[in-house]
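What follows is a short report on a single structure.
Since we're looking at a predicted model, the values are computed, not measured.
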Amino acid sequence: MQASAEYLYDILTKATVVKKRIPVLIFCNKTDKVTAHSKEFIKKQLEKEVNKLRESRNAISSADISDEVQLGLPGEAFNFSQCQNKVIVDEGAGLTGDVSAVEQFIREYVKP
């Protein structure tokens, strides 16, 4: 979860991504497995991990972060609704062909 949160943090704070308001889909795969977590559980875990990163990276001087946008609201725990980009968390199972969330995301946000 930590590695995913770090990658997501880097995307959500990148100035060029934020400026263009590029939407982000977090697709929770393998929901056909008995051991799979729900998208709500994964979303909450990612938000907690991103919040930890935000707190630790905000401690770094702003001179060291030239291409980053501040993430979240000061004094509040992070959640994806605070992002300037649209962040969608959905689930499915690629192996069984249950990828309707990905298809919908592409139809809605990817322009030809």
Presence of salt bridge, K44 and E40, under 4.0 angstrom:
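No, this pair does not count.
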[X] vs [Y] side-chain heavy atoms within contact, under 4.5 Å:
X: T13; Y: V18; value: no
X: F78; Y: L73; value: no
X: L46; Y: M1; value: yes

When you compare the side chains of N79 and S81, does any donor N or O come within less than 3.5 Å of an acceptor on the partner?
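Distance-only check passes for N79 and S81.
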Using atom types as modelled, flag every donor-acceptor pair under 3.5 Å from a side chain in residues 99-112 to any protein atom, sequence neighbours excluded.
{"from": "Q104", "atom 1": "OE1", "to": "R107", "atom 2": "NH2", "distance (Å)": "3.2"}
{"from": "Q104", "atom 1": "NE2", "to": "E108", "atom 2": "OE1", "distance (Å)": "3.1"}
{"from": "K111", "atom 1": "NZ", "to": "E108", "atom 2": "O", "distance (Å)": "3.2"}

Without swapping roles, check the side chain of R21 against the backbone of K86 for a donor-acceptor pair under 3.5 Å.
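Between the backbone of K86 and the side chain of R21 there is no qualifying donor-acceptor contact (under 3.5 Å).
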Exam field: side chain Q84 to backbone L12, donor-acceptor pair closer than 3.5 Å
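Looks like no, no N/O pair under 3.5 Å.
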Taking all heavy atoms of V50 and all of L71, pick out the closest pair and write down the distance.
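Result for this residue pair: CG1-CD2, 3.6 Å.
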Residues, nucleotides or ligands: over 12 heavy atoms within 6.0 Å of Q2 CD:
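No - once you tally the heavy atoms of other residues, nucleotides and ligands closer than 6.0 Å, there are 12 at most.
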Looking at I11, I want to see if its CD1 is surrounded by more than 12 non-hydrogen atoms of other residues, nucleotides or ligands under 6.0 Å.
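Yes, CD1 of I11 has more than 12 neighbouring heavy atoms, counting only those of other groups under 6.0 Å.
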Which pairs would a plain distance check flag for residues 22-35, meaning a side-chain donor or acceptor within less than 3.5 Å of a matching protein atom at least two apart in sequence or in another chain?
{"from": "N29", "atom 1": "OD1", "to": "G94", "atom 2": "N", "distance (Å)": "2.9"}
{"from": "T31", "atom 1": "OG1", "to": "G92", "atom 2": "O", "distance (Å)": "2.9"}

Identified side chain to side chain contact (heavy atoms under 4.5 Å, CB included) partner of I42 from the options H37, E91, E47:
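Between I42 and the candidates, side chain to side chain contact (heavy atoms under 4.5 Å, CB included) is satisfied uniquely by H37.
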Are V89 and Y9 connected in a single hydrophobic cluster, I mean Ile/Leu/Val/Met/Phe/Trp/Tyr linked by side-chain heavy atoms less than 4.5 Å apart?
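Linked within one cluster.
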